[in-house]
Colleague: 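Please see the structure below; I have some questions.
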Amino acid sequence: MKISVLRERRAGETRVAATPETVKKLVASGHSVTIESGAGTVAGFPDDSFTDAGATIAADASAAAKGADIVFKVRAPEADEVGALPEGVALIALMDPTNLDAAPLNGKKIAALSMEFTPRITRAQSMDALSSQSNLAGYRAVIEGAQTYGRAMPMMMTAAGTIAPAKVFVMGAGVAGLQAIATARRLGAVVTATDVRPAAKEQVASLGAKFIAVEDEEFKAAETAGGYAKQMSPEYQAKQAELTASHIAKQDIVITTALIPGRAAPVLVTEDMVKTMKPGAVIVDMAVSQGGNCPLSKPDEVVDVNGVKVAGFSNLPARLPADASSLYAKNLVAFLPLVTAEDGSLNLDTEDEIVTAMLLTRNGATVNERIQS
């Protein structure tokens with residue numbers, strides 16, 4: 001197959017869907033790879049690193065995608081980018097499926113596959129781009145929080161006196177939250193965490209953090225079969241908010257990670273809670289791109305509220321472009337065999353549960369029931 005990798009055009013997107021390492025693997029498997037010029041420059045992969053790995057460099061998106069069987073991207077193409085894609089091509093990207101306008105893709109009969117819809121099953125772990133990117137996002141959230149906080153994270157005992165360790169509260173203990181806990185612990189902070197899923201309690205404790213939650217009957221059933229958090233009732237949210245409000249007031253850094261696929265992010269830190277925090281404290285809202293876990297957060301801004309800094313980073317993995325690109329590109333390589341026929345050609349006519357879960361559009365129609373209106 002001919003595989004094309006296009007340069008990302010969205011503001012702030014620094015990642016690329018291939019690296020020299022993955023290009024070598026693709027070429028060794030018999031595929032040809034064309035990279036749009038400059039696609040990897042910001043991530044630290046210049047054009048010549050791709051040519052050395054066996055790829056061909058094309059001047060622009062149209063030239064790169066010409067004759068392609070599959071196009072790899074990090075983010076879904078915007079409407080004007082779709083024009084560069086060949087009719088009927090397979091497109092694999094982080095498609096933001098619940099907010100996707102499928103009309104431009106269907107207009108060109110593009111077969112779009114969404115990496116976000118990779119099933120959370122054992123066989124698909126190596127393809128799970130949400131997890132790979134969330135890991136890095138959780139790490140980076142703590143680094144950004146520590147930078148914004150402006151004080152030391154660990155306890156320091158000096159001749160001039162003792163510096164108390166920072167108190168970090170992580171709200172949400174999924175992939176990103178657990179990595180945030182681990183990172184904050186490595187930096188020497190005193191860490192507490194909360195989550196609505198019962199299984200998270202043991203995971204949080206295993207990382208050396210203290211778990212805080214209202215552990216009632218609703219809490220005990222608050223996890224989907226896919227491992228995601230369920231939407232909690234208003235009654236539970238009120239009880240949880242009451243429990244955490246007094247806790248938040250004592251924290252130096254609060255990291256919020258709560259996202260529910262296809263829905264607005266739940267509010268975890270209210271304006272009143274922010275006002276109880278001491279000046280110099282920091283909130284890092286990882287859910288800002290879906291409305292935010294704190295109503296005061298704004299995408300890609302640091303808002304000062306009476307000395308409390310509320311930071312909203314809409315694309316934390318892009319702040320680690322080399323590593324984020326490397327992991328994402330490996331996710332794509334792991335997925336590719338599922339749509340590769342024995343003769344090396346593209347094969348989307350498969351009943352594989354992973355492929356069918358990820359396929360959004362094909363032959364001019366939206367085929368995924370999760371996004372059909």
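This structure is a prediction, so every number in the text was calculated from the model and none was measured. Side chains included, hydrogens not; waters and symmetry mates left out as well; all remaining heavy atoms used.
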Colleague: Near E87 CD, under 6.0 Å, is it more than 12 heavy atoms from other residues, nucleotides or ligands?
Modeller: yes
Colleague: Any side-chain to backbone donor/acceptor pair from R197 onto A173? Under 3.5 Å, distance only.
Modeller: yes
Colleague: Restricting to non-hydrogen atoms, name the atom on P20 and the atom on A53 that form the minimum distance, rounded to 0.1 Å.
Modeller: O-CB, 3.4 Å
Colleague: Could you check whether any side-chain N or O of K73 sits under 3.5 Å from a backbone N or O of R75, counting only pairs where one atom can act as donor and the other as acceptor?
Modeller: yes
Colleague: What I want to check is whether the side chains of S345 and D343 have a donor and an acceptor closer together than 3.5 Å.
Modeller: yes
Colleague: Counting only heavy atoms not in K201 (residues, nucleotides, ligands), do more than 12 fall under 6.0 Å from its NZ?
Modeller: no
Colleague: If you draw a 6.0 Å radius around NZ in K2, do more than 12 non-hydrogen atoms from other residues or ligands fall strictly inside?
Modeller: yes
Colleague: I want to check something: taking the side chain as every heavy atom from C-beta on, are L91 and P77 in contact at a cut-off of under 4.5 Å?
Modeller: yes
Colleague: Quick one: side-chain contact (heavy atoms from CB on, under 4.5 Å) partners of S126, sequence neighbours excluded?
Modeller: A334
Colleague: May I ask you to say whether E235 pairs ionically with K239, meaning some side-chain N is under 4.0 Å from a carboxylate O?
Modeller: no
Colleague: With distance as the sole criterion, is a donor-acceptor pair present between the side chains of Q290 and R263 under 3.5 Å?
Modeller: no
Colleague: Run the side-chain contact (heavy atoms from CB on, under 4.5 Å) test against N368 and tell me which residues pass, sequence neighbours left out.
Modeller: F117, L360, R370, I371
Colleague: Regarding T118 and D128, do their side chains bring together a donor and an acceptor under 3.5 Å, going by distance alone?
Modeller: no
Colleague: Within the supplied structure, the quantity of interest is the number of heavy atoms (other residues, nucleotides, ligands) at a distance under 6.0 Å from K278 NZ; does it exceed 12?
Modeller: yes
Colleague: Should we say atom NZ of K167 is surrounded by more than 12 heavy atoms from elsewhere, each under 6.0 Å from it?
Modeller: no
Colleague: Testing the 3.5 Å rule here: is there a donor-acceptor pair between the side chains of T19 and E21?
Modeller: no
Colleague: Could you list the residues that satisfy side-chain contact (heavy atoms from CB on, under 4.5 Å) with L336, not counting sequence neighbours?
Modeller: M1, I3, L26, H31, I70, F72, V339, T340
Colleague: Checking the side chain of Q240 only, and the main-chain atoms of V214 only, is there a donor and an acceptor separated by less than 3.5 Å?
Modeller: yes
